[in-house]
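Let me begin by presenting the structure, written as structure tokens, before commenting on it.
Here is the naming used below: chain letters follow the sequence lines, and residue numbers restart at 1 for every chain. Below, all heavy atoms of this structure are taken into account, side chains as well, without hydrogens, waters or symmetry copies.
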Amino acid sequence: MRFKLDALHLRALLWLILALTAVLACASQMTGRFPLQTNLLALLPTTERNPVAEQAVNKLAEAAGNRVVFLLGNEDAPAAFAAARAFAAQLRSTGNFRHVLADIPPLDPKQISAFFQPYRYNLLSDADRVQLANELFKQQHSLPDRLQTKLYAPFRFGLTMSAAADPFGLTDDWLASLPLKNLQLEPHNGMLVSRSNGKTWVFVSADLPDSAYNGDVQHQVATAVDMAEHVLKTHHPDTILLRAGTVFYADAARASAEQEVHRISVVSLVGMLLLLYLVFRSIRPLVLGLLSVGFGITAAIAVTLALYGEIHLITLVFGASLIGEAIDYAIQYFAAHLGAGADWEPMKGLRRIGAGLTVALITSLMGYGALALAPFPALSQIALFALVGLTSAWLSVFLLLPALLRTPNRRNPETAVALPRKILLKWQHRISAKASLLATGLLLVLAIPGWSQLKANDDVHLLIARSTDLVSQEEAIRRIIGFDNSSQFFLVEGQDTEQLLQNEEALHEKLNQLIQQETLTGYQGMASFVPSRQRQADNRSLWSNTVFADEKQLSSMLEEAGLRDEVAIEQITAFKASADNRLELASWLEQPLSTPFRHLWLGKTDQGYAAIVLPQGIKHLEHLRQATAGLPHVTFVDKAGSVSTLFEHYRQWSSLWLLGAIGLIFLVLSMRYHWQQSLIILMPTVLAMVLTLSLFGYLHIALTLFNMMGLMLVLGVGVNYAIFLREGGIHAAATLAGVLLSAGTTLLSFGMLAFSSMPALSSFGLTLLIGIAVSAFLAPMLLSFDRQLDQKA
Amino acid sequence: MQGMNTAQAWLNVILASAVAWLATSILTIPSSQAADAELLSAIGKQIEQHQVVRADFTQTKQMASLKRPLLTHGKLVYSSRHGVLWQIERPYRVSYLLGETKIIEISADGSRKERGVRDIPGLAQVGRVFRAMLGANTQALKDHFDATVTGTPQQWNIVLQPKQAQVQQFLQQLKLNGNQFVEQIEIAETSGDLTQIKFSNSTASAPSALEQQLLDSL
């Protein structure tokens, strides 16, 4: 006896050491704020074959992430301006932003034309280049007409050169072709303004001090904006505030995740404790259950943090729902304790249920392990969390519980499990194996029409759900300022800058044709500002062969038009002097004016140089993709599309995986049970999976990859109940009580998950809720067969 | 994903728009003196009565680089609903259609060149002010300028001056005078270039079928 006690103590001591290690590991990795990853993009799998494309996606997201924009709208324009200035000042006063911009800084309007002036004879707009080349070929001359237009036009707009500097308007055309503006924002009263629906909207933007995914930054921004909004509501009650920015989405996602974690864990824990007390009528199982689950979750957090350095909020929400499942192993031990009555011996009880618990753990681990195989960062982190959490909870039963549950249960096992015994007897006597088979057949027939109604959904938004309020604000902002960029872009590469620019020019040419065909409305690319050296040389030779082909003719043409003699002389001298001038990408990138376009330039990569071309106003995505498919060194990147395709691909394959997993679990079961028994143990779960799918069909819930992943878990977890019942043996009634209790806690947790705001998690939750409910309900079926098999034996 | 696509954009928003604004070579300024407000609105109302105004114009442009002033003759149709049809007849034929959203250039051979005002920085403002001047749309002008008004509704002068340094770099002042119709517009640029547009034979008659067809394309 004494020796035995020591062994139990040693086990408990080992548990204590492990638990302390887990707690310390957690604590050491959580200095300050909880390292919660709120970047929804971090969930997306790698989809692009070209690694530079993935870098480009991240770079664009990063560039956009550290800014927030606001629109303040009022029917009264002066009120809108006053409100915007006050709002910006309020934001600024918090000191929580690196920079707040409302009044546009004064810019020298001549800056752009001054920058391009030295290179003007190397530059031509696409239209002019084509036209001049054509005219040269046909020996025509449009220069006199151009001169007339330049001189007689009733007005001139913005970026134009004087008649003396650009008598034919060719440089004007170049300047006008720069994709500088594609928004409906206009400067007015020193601010950027758009008019829409009878309101004047004023634009305010702010730069974040650090990444939008930094928890402190999210908090600071949220506080500052809330405060400024409050002040705005007080002083300018009629002004409408719209906001957009990654940080708002991240903050909203964090807030809703924290709320969900809180809700799921509180409901799961309270429900679990209540159920435990109802069945066992003792505080001890409650405390032991909490310790075992607590260790499981702590260890899971510690290991996830150690491997990933952070926990994604989707993992945390899922983790909270693991409580209901992690308690299962302890419940089986308590049930054994209850069933044994006065005969209880801790190690004997453990030996009796140990093998079953281990098989159950293995099947669960296989279910979660399958998640890790899918190439989704979100799923592999969830899988790791579950694997560690469940293994630790299982370990707690072997190490901690025997030492703390030594005294036999004082209640009469007969009365304690009277109700489950009644159910058990009824099931065994009333429902024969034949009846079970008949019911199975009937259920399958009922399931078929449901299956035929199944529809699929592979939208990328399954992974990333965004606050609908923020989405509608963002859409309003996009509409008002006329911003129609999409998430697709072209990645252009080259061995060096020159080759890259030439490749980009080929793409631009194709895109110009597609604009004519109304496939898209425009695009932004670096080559629009800086032509390749080759293109600059071509342009210069066009200038040379047209405008400067005949100096005398040029002089007389300008003179006839009424221009002073110096104009022609100045033109000729300037052209000759500019022979060696070449516009270089580097000098454009150094210009403050290029700031809004710098994110288009990726620069040196592992395989050369890369840049981005952003298409705008795409109307026919598929046409755009096909039309640009053959261009060398150009990759069309559609991350959202790729992820959806990947979802579809894996969803289609997942039915095969499921079959494979069923086979694998059958093999594991066959190691312990006779193959017929194994089949019978599997049957309720497989039936549950079939019925779950059918129910989705009947309810018109579109099938997603995450439903299929959920089915994988139904298989891994649902089969446990049959295993526990099979292992129950002489204490069958107590085991059934345990199984019902386990199913209750698991359903509670996963049921809560079904209400998660994250579509992926709610798909999981719903699938598990239905699947596990059905498999728990059908599990006693195997008892009917048991009798038969026992009789055969 | 959406979060990201907004994304790329916000970067551009600011500076691209800042660039856009610098291109508004002519015009941007609010506020008019209270004393003039009444006369201004009287002039505006008087001109607004006419849904459509047709007139002949003579434009004189004086530029530093020109030996002699450039003379242009043509016809104007101003429709408060559609926009402006500006037809140059001498020394060569070309027409311009100015609308709220686009500007169309029609050459003598009938070929059209269309520009969306969104495509070109500052075009929207230039177009709006130009139309406002022709229609003596005092409300729109007050939005953009500091105005001094003299005279009576029967014979008036308006001097419009930009206050902002960036606009003053280009534009010295605008002068309008007229009676029942706008009679003359004068644009004085800081470079010394001066454009005068004189209107004659102004009537409030409806546009011809051809003119209407052109205006409808706006």
| field | Contact class of A:Ala77 relative to chain B, heavy atoms under 4.5 angstrom | value | neither
| Side chains of A:Gln473 and A:Arg478, donor plus acceptor under 3.5 Å | no
| message | With a 4.5 angstrom heavy-atom cut-off, is it the side chain or the backbone of A:Asp145 that approaches chain B, or both, or neither? | response | neither
| B:Gln87 and B:Tyr96 side chains, donor-acceptor separation under 3.5 Å | no
| Is it true that the side chains of B:Asp56 and B:His73 contain a donor and an acceptor less than 3.5 Å apart? | no
| message | Less than 4.5 Å to any heavy atom of chain B: does that hold for the side chain of A:Thr149, its backbone, both, or neither? | response | both
| message | Would you say the ring centers of B:Phe181 and B:Phe199 fall short of 6.0 Å from each other? | response | no
| note | So, the part of A:Glu566 with a heavy atom under 4.5 Å from chain B: the answer is neither
